[in-house]
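Report on the structure given below.
Ligands are counted one by one from 1 in listed order, and the atoms in each one are counted from 1 as well.
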Amino acid sequence: MYDIKAIYEAYTIEEAIKLRKEHPEAHIIGGGSDVLISIRDGSMAGCELISIYLCDDLRGISLEDDGTLRIGSLTSFTDITNNDLVQKYCPTLGEAVDTAGGPQLRNIATIGGNISNGVPSADSATSIQAYDAIIELQGEGGVREVKARDFNLGFGKVDIRDTEIVTAVKIRKESYEGYKGHYFKYAMRNAMDIATSSCSANVKLKDGNIVEDIRVAYGVAGPTPLRVFKAEEWFKGKEFSDDNMKEFAKKALEELSPRDSWRASKEFRIQLLYEIAYRSLKSIKEKFEGGQNAH
Ligand SMILES: Cc1cc2nc3c(=O)[nH]c(=O)nc-3n(C[C@H](O)[C@H](O)[C@H](O)COP(=O)(O)OP(=O)(O)OC[C@H]3O[C@@H](n4cnc5c(N)ncnc54)[C@H](O)[C@@H]3O)c2cc1C
């Protein structure tokens, strides 16, 4: 069964931070959909855990006075997808997390756990980078905010300090207002599968068809979820045309470093990354032309 040395339960953020300080070797467990698998396969066998699952102050989605969308770190994928505020302001994030696993998984998996495990296939991690989100952490030293783009330090490594826990993901009004987006996950099956590669894009237009701003993040295109800042800069001020989308998709490859894995070869991923970026942008253009409400 599960080889767990000890489990400590926190009911509030303060208790969680205190437990982090008292048990520096212990791992946080939220929904447990990554942690329990690792305990079961032996890689985390015999560990100590700090459960934050009963910290209700980490759950829920709200709109702050300045229009910032705040998603508590323990909010499940199901609750994110079904939330009215997410559907209205950041629907691409809801769509992205709805591609993860199956319904049972989405009921238990949390956004905090998904971004904290630090893998490049995490569906929410790519998507929040395309929303230029901010990750809020709380620890002994108080509250700290890190941009999603700076949170991943390497494969499986994220910027969470000693006594900290991730408390929320925040998306500012200026990061979603006027944008339309698309999440493209390519996996070997249509359900219950991790991304072979993925692309999340958000675009804002001006004067009809000129790119005012664009943010594109890729999953499984390198050791962490990656933004393509140079290609984004190149596109700003240009027409949101088919030719330019293709040129963007080509330029973006220069900033990505996909590798061989049992899921796909490097060569296949390069072709895939081009294609999913182009198709994502095309789909965004259709949303603008169709006048859909989707951001
Ligand atoms: C069958 C199956 C299918 C899956 N399919 C997908 C998929 O398609 N797409 C996808 O992206 N993922 C998928 N996953 C992975 C997993 O479900 C997600 O990564 C999930 O979101 C993790 O959330 P959790 O609350 O269960 O995390 P946990 O397992 O509790 O924790 C994960 C990691 O994050 C840390 N952590 C958790 N919460 C916090 C916090 N608040 N602050 C700091 N650290 C924290 C833990 O210490 C641990 O290192 C799948 C998993 C399974 C078992």
Side-chain angles (χ1 to χ4, degrees), residues 2 4 7-10 12-13 15-17 19-20 23-41 43-44 47-59 71-81 93 95-129 135-139 143-144 146 151-152 155-169 183 185-198 200 217 219-220 225 263:
Y2 293 102
I4 299 168
I7 182 154
Y8 314 103
E9 284 186 327
T12 63
I13 296 173
E15 280 176 21
I17 295 168
L19 285 169
R20 290 273 279 155
H23 307 281
E25 302 301 322
H27 299 270
I28 296 169
I29 179 168
S33 62
D34 284 322
V35 167
L36 291 174
I37 302 275
S38 300
I39 294 174
R40 195 74 172 261
D41 72 19
S43 55
M44 279 177 68
C47 68
E48 289 178 63
L49 297 173
I50 296 169
S51 173
I52 55 168
Y53 200 69
L54 298 171
C55 293
D56 281 338
D57 39 0
L58 289 174
R59 239 176 227 111
I71 304 172
S73 62
L74 260 187
T75 312
S76 71
F77 287 167
T78 303
D79 287 344
I80 292 173
T81 302
L93 175 60
E95 287 156 18
V97 298
D98 201 37
T99 66
Q104 292 144 315
L105 186 274
R106 294 194 291 272
N107 286 344
I108 195 78
T110 68
I111 190 166
N114 197 230
I115 60 174
S116 299
N117 72 19
V119 295
S121 58
D123 290 305
S124 69
T126 313
S127 194
I128 64 166
Q129 285 217 19
I135 293 163
E136 183 193 87
L137 303 110
Q138 208 170 316
V143 175
R144 188 168 70 93
V146 183
F151 186 62
N152 293 77
F155 184 87
K157 276 197 210 147
V158 290
D159 185 7
I160 300 177
R161 296 183 186 160
D162 285 348
T163 58
E164 287 179 342
I165 57 168
V166 173
T167 45
V169 171
Y183 182 66
K185 172 176 179 173
Y186 181 92
M188 290 191 282
R189 296 183 304 208
N190 283 338
M192 292 292 289
D193 206 356
I194 298 285
T196 302
S197 283
S198 61
S200 192
V220 204
R263 277 201 169 80

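Residue-level proximity to ligand 1 for Leu58 is absent, since no heavy atom of it falls below 4.0 angstrom. Of all the heavy atoms of Ser121, the ones lying under 4.0 Å from any atom of ligand 1 belong exclusively to the backbone. At a heavy-atom distance under 4.0 Å, only side-chain atoms of Ser73, from C-beta outward, approach ligand 1.
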Inset, instruction - Any chance you could lay out the salt bridge (Lys or Arg N to Asp or Glu O under 4.0 Å) test for Asp159 and Arg161, step after step, and finish with the verdict? - result: CA-CA 6 Å; Asp159 185 7; Arg161 296 183 186 160; 3.8 Å; yes

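Between Ile115 and Ser124 the shortest heavy-atom distance is CG2-OG, 3.6 Å. Between Gly31 and Thr110 the shortest heavy-atom distance is N-CG2, 4.0 Å.
For the pair Val166 and ligand 1, the shortest N or O to N or O distance falls below 3.5 Å. Where the criterion is an N or O separation shorter than 3.5 Å, residue side chain and backbone included, Ala109 fails it with respect to ligand 1. Considering backbone and side-chain atoms alike, Ile52 places every N or O at 3.5 Å or more from each N or O of ligand 1.
Distances below 4.0 Å separate heavy atoms of Ile160 from the following atoms of ligand 1: 43 (C), 44 (N). Remark: ligand 1 atoms within the under-4.0 Å shell around heavy atoms of Ile165 are 42 (N). Atoms of ligand 1 found under 4.0 Å from any heavy atom of Ala100, numbered from 1 in the order shown, are 7 (C), 8 (O), 9 (N). Near Ile194, with a cut-off below 4.0 Å to any heavy atom, the atoms of ligand 1 are 5 (N), 6 (C), 7 (C), 13 (C). Less than 4.0 angstrom separates some heavy atom of Gly101 from each of these atoms of ligand 1: 5 (N), 6 (C), 7 (C), 8 (O). For ligand 1, the atoms sitting less than 4.0 Å from at least one non-hydrogen atom of Phe77 are 21 (O), numbered in the order shown with element in parentheses. Set against the non-hydrogen atoms of Asn117, the atoms of ligand 1 under 4.0 Å away are 19 (O), 33 (C), 34 (O). Distances below 4.0 Å separate heavy atoms of Ser33 from the following atoms of ligand 1: 16 (C), 17 (O), 18 (C), 20 (C), 22 (C), 23 (O), 24 (P), 26 (O), 29 (O), 53 (C).
Screening Leu19, Ile29, Leu58, Thr12 for a side chain to side chain contact (heavy atoms under 4.5 Å, CB included) involving Ile52 leaves a single residue, Leu58.
Looking at Leu105, Leu74, Ile29, Leu137, it is Leu105 that brings a heavy atom closest to atom 51 (C) of ligand 1. Considering only non-hydrogen atoms, atom 28 (P) of ligand 1 lies nearest to Gly32 out of Gly32, Cys47, Ala122. Atom 23 (O) of ligand 1 has its nearest heavy-atom neighbour, among Asp34, Thr110, Thr99, in Thr110.
Evaluation of the side chain to side chain donor-acceptor pair (under 3.5 Å) rule for Glu164 yields Arg144 as partners, not counting sequence neighbours.
In this structure, Lys185 counts as a contact residue of ligand 1, since one of its heavy atoms falls inside 4.0 Å of the ligand. Using a 4.0 angstrom heavy-atom cutoff, Tyr53 does not count as in contact with ligand 1.
Between the side chain of Ser116 and the backbone N or O of Gly112 there is at least one donor-acceptor pair closer than 3.5 Å. Proximity of a side-chain donor or acceptor of Ser127 to a complementary backbone N or O of Asp123 within less than 3.5 Å is not detected. In this structure, the side chain of Thr167 engages the main chain of Glu136 through a donor-acceptor pair within 3.5 Å.
Applying the salt bridge (charged side-chain N to carboxylate O under 4.0 Å, His left out) test to residues at least two apart or on different chains, the pairs with a partner in residues 98-121 are Asp98-Arg106.
Figure legend: Arg59 and Tyr53 shown as a cation-pi pair, the cationic atom lying under 6.0 angstrom from the six-membered ring centre and within 45 degrees of its axis.
Rounding to the nearest 0.5 Å places OH of Tyr183 at 7.0 Å from OG of Ser200.
Side-chain polar atoms of Thr78 and Asn107 form a donor-acceptor pair below 3.5 angstrom.
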